[in-house]
2 protein chains.
Amino acid sequence: MAKLQKSIDKRNALVKATIELVNNNGFHATPMSKIAKMANVSPATIYLYFENKQDLVNQTYIEVKAEYTKYAFETYDESMSVEDGFELIWKRIADFKLKECENAMFLAQCDNTPMIDELSRQQGIKHLQPLLDLWTRGKKEGIIKPLSEYLLYAYAINPLSFLMITQKRGAFQLDKTHLEEAYQSAWSSIKVCK
Amino acid sequence: MAKLQKSIDKRNALVKATIELVNNNGFHATPMSKIAKMANVSPATIYLYFENKQDLVNQTYIEVKAEYTKYAFETYDESMSVEDGFELIWKRIADFKLKECENAMFLAQCDNTPMIDELSRQQGIKHLQPLLDLWTRGKKEGIIKPLSEYLLYAYAINPLSFLMITQKRGAFQLDKTHLEEAYQSAWSSIKVCK
DNA sequence: TGGTAAAAAATGAATGTTCATTCTTTTTTA
DNA sequence: TAAAAAAGAATGAACATTCATTTTTTACCA
């Protein structure tokens, strides 16, 4: 297969360079020439791996999103209680956002701008299913408030993005204590009060 | 004053066009020529009102942010109870994000990308003081959890941005019921449990 | 195993376009 | 009628993409 012969390393370097440059300068200020330079590749080579700039950024988005959800659900299994499952997933997500900060920043930028094609965006959402299923189960068991999945996501998961960005900008430090507090806030906002 | 002679209407039209085009196409795909066309103005005219493209977008950001906070605190006064004050401000913010959706989308994009100069970003944050003060008072009175202001913002206010964007993308409808639910989640996440 | 030719991959330079910004002229205002 | 404001066309730089070559890899045979 022609595709597989091309060095996967080069492709990865291109994706990585795209993330770093877009994070620092925004889509509008990251020319293909800079991406190529950072990946130690000729500009022309990019077009052996990607159709054009839009395709490069779409594919980068989809790949990073897939990594993110893979990491989030890696240690989860459906036999866990709702409460334990949620805590586990939440902490994995937090972990990803802190450890893979570059990747998470890139996703935040994509999710808040028209940078990405609608189709790629929808592709990215698909992988979230296990969390939605967990919430459905939680609602049935009377543990999770009977809210739309969007509301649950908005309060339980999305705030982590804000915190990550704030931390990245140097405004404050998201340490162990803060994280535990954040988790408690997340859980308070979606659990049924007793 | 030369400045004041120039038509304020033209300036406003430019700001409005910037918001609309950046919302729909992103910074990277909104040329000055399009902004000029949408504002019914010659490209050269933009440079009578703004230094350059970056300045145009910075100033637009600062102005919209100021509108936003002005609206948020318009009916609030410091003699209110913490609980009432928070509910009032929260609902004003929600109101703004739904009614002035274009403006709010623009802010979300600016806040999640390197589109805006750091200096302008900091300028925009200043106006949030009344809310921070309210939280400080709430913590003193034992009504609000003793968390950093960033955590409080992340859970109480920021989720509205996610909901607004999701609504704008057509995924779901943020009606009165949802809003009340969202408010309850917000409040649950930051209030001290009794 | 080593040599070689065909195919694939990679390159640097070229191309043509788009765009921010400026320049010169015209129109409006005072 | 002079000064300010606005306009449209011009300018030059930056950029995405393609082209013509060169380099590397693959596959085959001596």
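Since the structure is predicted, the reported quantities are computational estimates derived from the model, not experimental observations. Reminder, nothing fancy here: chain letters follow the sequence lines and each chain counts from 1.
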So which nucleotide from [options] ends up closest to the side chain of [X]?
X       : options                : result
B:Ser42 : D:dT18, D:dA7, C:dA20  : D:dA7
A:Thr45 : C:dT11, D:dA6, D:dA7   : C:dT11
A:Asn52 : D:dT17, C:dA20, D:dA6  : D:dT17
A:Met32 : D:dT17, C:dA10, C:dG12 : D:dT17
B:Ala44 : C:dA20, C:dC23, D:dA6  : C:dC23
A:Leu48 : C:dA9, C:dG12, D:dC15  : C:dA9
B:Pro43 : C:dT21, C:dG12, D:dC15 : C:dT21

For the pair made of [atom1] in [X] and [atom2] in [N], what is the distance, rounded to whole Å?
X       : N      : atom1 : atom2 : value
A:Leu56 : D:dA16 : CG    : C1'   : 12 Å
B:Phe27 : C:dC19 : CZ    : C1'   : 12 Å
A:Asp9  : C:dA9  : CG    : P     : 15 Å
A:Glu51 : D:dT17 : CD    : P     : 10 Å
A:Ile46 : D:dC15 : CD1   : C1'   : 12 Å
A:Lys34 : D:dA16 : NZ    : P     : 10 Å
B:His28 : C:dC19 : NE2   : P     : 11 Å

Side-chain atoms of residues 93-100 of chain B: list all donor-acceptor pairs with protein atoms under 3.5 Å, sequence neighbours left out, distances to 0.1 Å.
unit_1: B:Asp95; atom_1: OD2; unit_2: B:Tyr71; atom_2: OH; d: 2.6
unit_1: B:Asp95; atom_1: OD2; unit_2: B:Lys99; atom_2: NZ; d: 3.3
unit_1: B:Lys97; atom_1: NZ; unit_2: B:Ser161; atom_2: OG; d: 2.6
unit_1: B:Glu100; atom_1: OE1; unit_2: B:Asn103; atom_2: ND2; d: 3.3

Legend entry - Centroid-centroid distance, B:His127 to B:Phe73, less than 6.0 Å: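 Between B:His127 and B:Phe73, the centre distance exceeds or equals 6.0 Å.
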Inset, instruction - May I ask you to check if B:Lys10 and B:Tyr49 form a cation-pi contact, with NZ or CZ under 6.0 angstrom from the six-membered ring centre and within 45° of the axis? - result: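 Here B:Lys10 fails the 6.0 Å and 45° test against B:Tyr49.
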Legend entry - Exam field: side chain A:Asn158 to backbone B:Phe162, donor-acceptor pair closer than 3.5 Å: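 No: the side chain of A:Asn158 does not pair with the backbone of B:Phe162.
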Inset, instruction - Indicate whether the side chain of B:Ser79 and that of B:Asp77 have a donor and an acceptor atom separated by less than 3.5 Å. - result: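 Yes, B:Asp77 and B:Ser79 have a side-chain donor paired with an acceptor closer than 3.5 Å.
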Legend entry - Complementary nucleotide for C:dA30 - Watson-Crick or wobble, under 3.5 Å: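 With both distances under 3.5 Å, C:dA30 matches D:dT1.
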